[in-house]
Peer 1: 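Quick one: the structure is below, questions incoming.
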Amino acid sequence: MSHIHVIGAGLAGLACAVRLAGSGHRVSVYEAAARAGGRCRSFHDEKLGCVIDNGNHLMLSGNHALMDYLDEINASNRLVGPDQAAFDFYDVPSGERWTLRLDDGLVQSWILKESRRVPGTRLSEYLSFIKMMTARGERHITDVLDTGSELYRRFWEPLVVSALNTAPECAAVSLLRPVLRETFLKGGAYCRPLIAGTSLDDSLVEPALAFLQHKGVEFRFHSRITALEKTGGRIAAIKLGEQNIRMDSDDKIVLAVPSWTARQLLPGFQTPDEGEAIVNVHYRLDHASHQSRESQGPMKMIGLVGGLVHWVFERGSIVSVTISAADKVAQRRADDIAAEAWAEVAKSMNYGDMRMPPFRVIKEKRATFSATPDANHRRTGPKTDWSNLALAGDWTDTGLPATIEGAIRSGHAAAAYLAGTIKENRDGLALYGNSETEAERMMT
């Protein structure tokens, strides 16, 4: 088996390393930071006195690559969520509440019942699903949908901003469509919301590290790759500070780094522009408040419409909020963001007049690429111009927006490419896997 060097220990790099090591390859992983996880890292916050996640990540039961990854690292029980696809919402301006509850099968009878539809929406507005799935060309979301409808304000706009981290007037229909196809349009069984039970580290990172260490994978943290030496159509060496790591004839490399790092290491290489911020705020409830709410279950989440905050997650004593497409919000003072967000949290979560608890604001200013039609055209698959180099990362051409599911798929695609299980279909498109069905699934 060849020696494969994985540069980057975010979820794309970890998923790739797990797949390769599980197949018997010799693998080394290099990470510039002190620990693995990338955007899915957790850390102990001294101000709050507990472990918090860098940001909130909502996953869905239909994320098949994620589920495969969890199976591989023996962590299938590390995510928590309700037994059905039910999403609570709160309208900030009006104070109105509702629950969007999907049917498990393909037939969604709730659309026919006014009492189960999104409040204020008409049956005819749901024809927008057909418009979304049949729109041709690279269109923006607002080119296809009626922005004056109540369904747009209370369903489509929150969904687009949350899934694509891009304003609807800029976001590409082609990047929302696969999200719908793999979740909502398959029914509630594929759309159950899931979050990390304890922390992202505990659910997605530590089990992978344990698996890889068991497989004898070498980890090198605090190891920033500064250059790739290219000779004769292949990568001849990795430059790590003053050290040159020479590549043997059958050695291979996976570059699982952010897009801006890929451009630095591969001058002239085209990637999507990184551009969309996400702001997360974590609050820690005091002991009495936490105890009084324990009976409500281990996790509660609610989507907010028409305000600053998009999602609120309550897990134990930590209440976290996510603000997506947050370039302007990220420019504001942390105290101001926390205060405005807490006012919405307190109302939506029925906290009454509870004073704002201690908080931590985390601004991810380059959280994702902008999910625009132009950015989508600038994405590429795992194959590169260098025979022994593959790419991975949620910014590569996974067919999905920048998500955990996309990151893991990119790692699996890079592993398949380097392992030689890539093939070409009759249209010349690269397909991955051992069968046409599996290949199509990997390209979705």
Side-chain angles (χ1 to χ4, degrees), residues 56-71 75-91 96-121 123 125-126 128-129 132-133 150-151 154-163 176-198 200 203-204 293-305 309-316 318-322 345 348-350 400 403-405 408 444:
N56 303 303
H57 292 270
L58 177 62
M59 296 157 274
L60 296 173
S61 54
N63 295 155
H64 62 75
L66 167 65
M67 299 306 162
D68 290 346
Y69 171 74
L70 291 173
D71 283 342
S76 297
N77 62 343
R78 302 292 181 97
L79 302 181
V80 299
D83 294 332
Q84 57 182 331
F87 299 83
D88 293 330
F89 286 93
Y90 175 80
D91 191 302
E96 193 170 4
R97 298 176 183 273
W98 67 93
T99 298
L100 178 61
R101 184 172 287 105
L102 305 184
D103 299 315
D104 278 346
L106 287 174
V107 177
Q108 296 297 302
S109 62
W110 63 271
I111 294 176
L112 303 176
K113 302 175 182 177
E114 184 176 358
S115 61
R116 292 184 60 190
R117 293 200 294 263
V118 176
T121 62
L123 179 60
E125 293 179 42
Y126 290 83
S128 56
F129 277 91
M132 183 64 64
M133 300 307 295
E150 198 66 2
L151 187 64
R154 289 185 161 182
F155 175 80
W156 285 116
E157 185 174 25
L159 174 63
V160 170
V161 172
S162 298
L176 183 63
R177 197 155 38 213
V179 176
L180 295 173
R181 185 188 304 121
E182 296 186 16
T183 55
F184 283 94
L185 297 184
K186 284 189 172 182
Y190 293 82
C191 215
R192 288 190 301 105
L194 300 167
I195 67 169
T198 302
L200 291 169
S203 297
L204 302 175
R293 299 180 64 82
E294 273 194 323
S295 61
Q296 298 187 21
M299 188 273 280
K300 183 178 180 181
M301 56 174 280
I302 188 167
L304 273 57
V305 176
V309 172
H310 294 111
W311 287 98
V312 181
F313 303 90
E314 183 187 87
R315 187 179 60 196
I318 298 298
V319 180
S320 302
V321 310
T322 296
V345 169
S348 64
M349 301 291 282
N350 290 317
L400 295 173
T403 60
I404 285 179
E405 176 72 3
I408 292 173
T444 302

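Remember, predicted model here, so these are calculated numbers, not experimental data. Residue indices begin at 1 and follow the sequence shown.
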Peer 1: Do any N or O atoms from the side chain of Glu125 and from the backbone of Leu151 form a donor-acceptor pair under 3.5 angstrom?
Peer 2: yes
Peer 1: Are the side chain of Gln108 and the backbone of Asp103 linked by a donor-acceptor contact shorter than 3.5 Å?
Peer 2: yes
Peer 1: Measure the spacing between OG of Ser76 and CG of Leu70 and express it to the nearest 0.5 Å.
Peer 2: 5.5 Å
Peer 1: Check for a donor-acceptor pair, side chain of Glu182 on one end and backbone N or O of Gly62 on the other, with a separation under 3.5 Å.
Peer 2: no
Peer 1: With a 4.0 Å cut-off on N to O distance, would you call Asp91 and Arg154 a salt bridge?
Peer 2: yes
Peer 1: Under 3.5 Å, is there a donor-acceptor pair between the Asn56 and Arg315 side chains?
Peer 2: no
Peer 1: Looking at Val309, Val321, Val305, Ile302, which hits side-chain contact (heavy atoms from CB on, under 4.5 Å) with Ser348?
Peer 2: Ile302
Peer 1: Drop me the distance from Thr99's OG1 to Gln84's CD, to the nearest 0.5 angstrom.
Peer 2: 9.0 Å
Peer 1: Tell me whether Ser203 contacts the main-chain N or O of Ala196 through its side chain, where contact means a donor paired with an acceptor under 3.5 Å.
Peer 2: no
Peer 1: If every non-hydrogen atom of Lys186 is compared with every non-hydrogen atom of Arg181, which pair is closest and at what distance?
Peer 2: CG-O, 3.5 Å
Peer 1: Taking Leu159's backbone N and O only, do any of them form a donor-acceptor pair with Ser162's side chain (distance below 3.5 Å, no angle check)?
Peer 2: no
Peer 1: Describe, in one word, how the ring planes of Trp311 and Phe89 are oriented to each other, choosing from parallel (under 30°), tilted (30 to 60°) and perpendicular (over 60°).
Peer 2: tilted
Peer 1: One thing to verify: whether Asp88 and Arg101 come together as a salt bridge, which I'm taking to mean a side-chain N less than 4.0 angstrom from a carboxylate O.
Peer 2: no
Peer 1: Ring centroids only, cut at 6.0 angstrom: are Phe129 and Trp156 within range, meaning strictly under it?
Peer 2: yes
Peer 1: Enter the distance from Thr403:OG1 to Met59:CE here, rounded to the nearest 0.5 Å.
Peer 2: 10.5 Å
Peer 1: Can you check whether Leu204 reaches Arg78 side chain to side chain, under 4.5 Å on heavy atoms?
Peer 2: no
Peer 1: Using modelled atom types only, decide if a donor and an acceptor are shared between the side chain of Arg192 and the backbone of Pro82 within a distance under 3.5 Å.
Peer 2: yes
Peer 1: Indicate the atoms forming the closest heavy-atom contact of Glu150 with Pro119, along with that distance.
Peer 2: CG-O, 3.7 Å
Peer 1: Between atom NE2 of His57 and atom CD1 of Ile195, what is the distance when rounded to the nearest 0.5 Å?
Peer 2: 11.5 Å
Peer 1: Any idea which heavy atoms bring Leu102 and Gly188 closest together, and the distance?
Peer 2: CB-CA, 3.9 Å
Peer 1: Between CE of Met132 and CG of Leu185, what distance do you get to the nearest 0.5 Å?
Peer 2: 10.5 Å
Peer 1: Quick check against the 3.5 Å criterion: does Tyr126 have a side-chain atom that pairs as donor or acceptor with the backbone of Thr121?
Peer 2: no
Peer 1: Work out which heavy atom in Cys191 is nearest to a heavy atom in Phe87; give both atom names and the distance.
Peer 2: O-CZ, 3.2 Å
Peer 1: Rounded to the nearest 0.5 Å, how far does NE2 of His310 lie from OG1 of Thr322?
Peer 2: 9.5 Å
Peer 1: For the residue pair Leu60 and Pro193, what are the closest heavy atoms and their distance?
Peer 2: CD2-CA, 4.0 Å
Peer 1: Are Phe155 and Phe184 an aromatic pair by the rule of ring centers under 6.0 Å?
Peer 2: yes
